[in-house]
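To start, the structure itself, in structure tokens.
Each chain gets a letter, A, B and so on, in the order the sequences are listed, and its residues count up from 1.
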Amino acid sequence: MASLGRMLANIVHEINTPIGSILSNNEVVVRSLDKLQAMLAAPDTMPMEKVRAIVETCRSLAAVDEIACQRIASVVRGLKTFVHAGDGEFHQASLQDAMTDTLKLTQGEFRRRIVVETDFGDVPPVECQPQMLNQVFLNLLVNAGHAICGEGKIVVRMRQEGDQAHISISDTGCGIRAEDCGKIFASGFTSKPAGVGTGLGLSISRRIVEEVHGGKIYFETQVGVGTTFHILIPIQHARTADPPKE
Amino acid sequence: MGKNPNASVLLVDDEDMVLTSVRAYLTLETEFTIHTFSEPEEAVKHMQNNPVDVVVSDYLMPRMSGIQFLMKARELQPEVSRVLLTGHADKQSAIQAINDVGLYQYVEKPWDNAQLLLVVTNGIERSSLLRDLRSTISELATANTSLKDVQKRLLRAFL
Ligand SMILES: Nc1ncnc2c1ncn2[C@@H]1O[C@H](COP(=O)(O)OP(=O)(O)OP(=O)(O)O)[C@@H](O)[C@H]1O
Ligand SMILES: [Mg+2]
């Protein structure tokens, strides 16, 4: 999961743009105040028009700062769900919220080239370990992003199907070659250069979905068209399969 | 630093946030005319009809990269000083591209206002020098041709 490191680098980059803006704006506001103060000391030295322009500029910068702070806050909110490694217990949690948080983390990497569409149906809260599922979602989203070379689209769907939640993540990426289809869940299998992939993402994801949650993970793919990963998670966790530990 | 009041600076970034901040700073500190574009295609259209002294472009943009845009800019106005604004992550590829577009400077994000101002001001100076040079050369060339004309006529008169 070296991609997590890469993801972090992207998050840093993502936060750097709004921070750059805020720093610059702060400097401009201070300089503007200097100019306005000088003008107050000698009222005739500056045309009213210029004064008004300076005030307007400061107002627009305050608006930019607000947007910039919201951007940073949303990335940080997304990160928070990963900070707690999980308490190993099952909670009722909204998978829609979990997915939304995870999508925030991929924004930086995707924004410029990948359109992400979400289609969340009415899925009741699911008894799960949300931090773990977040890891699965992140792995699948990062994989989808890597599979798309240049521009493309990722569609995230969520539905209730009987007593299960069905989540699917489709990409318009390169697809998976027939000879690789049997290997991708194996620990250590990667088609990515060293430093990009370690080949652990899917094997960990499968463990989390199938062993921890008693669900299922599978995929459909067509080379040159794209890939869809499906996850099924029981809405009620079957306690016999995994007795809660103290 | 209010010299060159007629200089025209073009900013291209898909982040409106960056455009607003840089524009506010340059407007406060200089008399330059600032044009901002979040779509490189629009900036290209602008450059087809309006002389520009400096273009500052983001590197990573959807549809058209900063490099592609700067190449277009060079085609349209060879003297324009081309500046790339890059995030840290893409610095390496940006440096590689310096030769492709005859980049004048690159500035890293988050940018330092004073440094950016210096780069823009020097860029304006540079492009106006280049323009002067070019017109001097073409004046010389014209002078040269008319000299040749005279020479030809003289020759014709004597031969
Ligand atoms: N959506 C996808 N489209 C195409 N190929 C995929 C997709 N998801 C996975 N793969 C293939 O499966 C391989 C294994 O994926 P996995 O997530 O386990 O490891 P990785 O992404 O290579 O590395 P990491 O450990 O960083 O996740 C990938 O290298 C890639 O070849
Ligand atoms: Mg992966």
**Asked** Of all of B:Asp16, B:Leu116, B:Asp14, B:Asp112, which one pairs up most often with chain A through heavy atoms under 4.5 Å apart?
**Response**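 So the answer, after comparing B:Asp16, B:Leu116, B:Asp14, B:Asp112, is B:Asp14.
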
**Fill in**
Cut-off 4.5 Å, heavy atoms of chain B, and the answer for A:Ile67 is both

**Message:** Less than 4.5 Å to any heavy atom of chain B: does that hold for the side chain of A:Ile22, its backbone, both, or neither?
**Reply:** neither

Minimum side-chain heavy-atom gap [X]-[Y] below 4.5 Å:
| X | Y | result |
| --- | --- | --- |
| A:Arg71 | B:Glu15 | yes |
| B:Thr27 | A:Thr57 | no |
| A:Val64 | B:Met17 | yes |
| B:Val22 | A:Ser24 | no |

**Prompt:** Is the number of heavy atoms from other residues, nucleotides or ligands under 6.0 Å of A:Arg159 CZ greater than 12?
**Reply:**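 More than 12 heavy atoms, drawn from other residues, nucleotides or ligands, come within 6.0 Å of this atom.
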
**Prompt:** Is the count of non-hydrogen atoms from other residues, nucleotides or ligands lying under 6.0 Å from B:Gln48 atom CD greater than 12?
**Reply:**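 Atom CD in B:Gln48 is packed in, count exceeds 12.
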
Let me confirm one number: the [atom1]-[atom2] distance from [X] to [Y], rounded to the nearest 0.5 Å.
| X | Y | atom1 | atom2 | value |
| --- | --- | --- | --- | --- |
| B:Asp58 | A:Thr17 | CG | OG1 | 7.5 Å |
| A:Leu23 | B:Trp111 | CG | CH2 | 8.5 Å |
| B:Asn113 | A:Asn26 | CG | CG | 10.5 Å |

**Message:** As a quick check of understanding, evaluate side chain to side chain contact (heavy atoms under 4.5 Å, CB included) for B:Leu28 and A:Lys35, giving each step before the final call.
**Reply:** CA-CA 9 Å; B:Leu28 187 75; A:Lys35 292 206 176 188; 4.2 Å; yes

**Prompt:** B:Lys109 and A:Asn16: side chain to side chain contact (heavy atoms under 4.5 Å, CB included), yes or no, with the steps?
**Reply:** CA-CA 7 Å; B:Lys109 279 183 186 174; A:Asn16 256 346; 5.8 Å; no

**Asked** Does the side-chain hydrogen bond (donor to acceptor under 3.5 Å, both in side chains) test come out yes or no for B:Ser21 and A:Ser21, once each step is laid out?
**Response** CA-CA 6 Å; B:Ser21 298; A:Ser21 256; 3.0 Å; yes

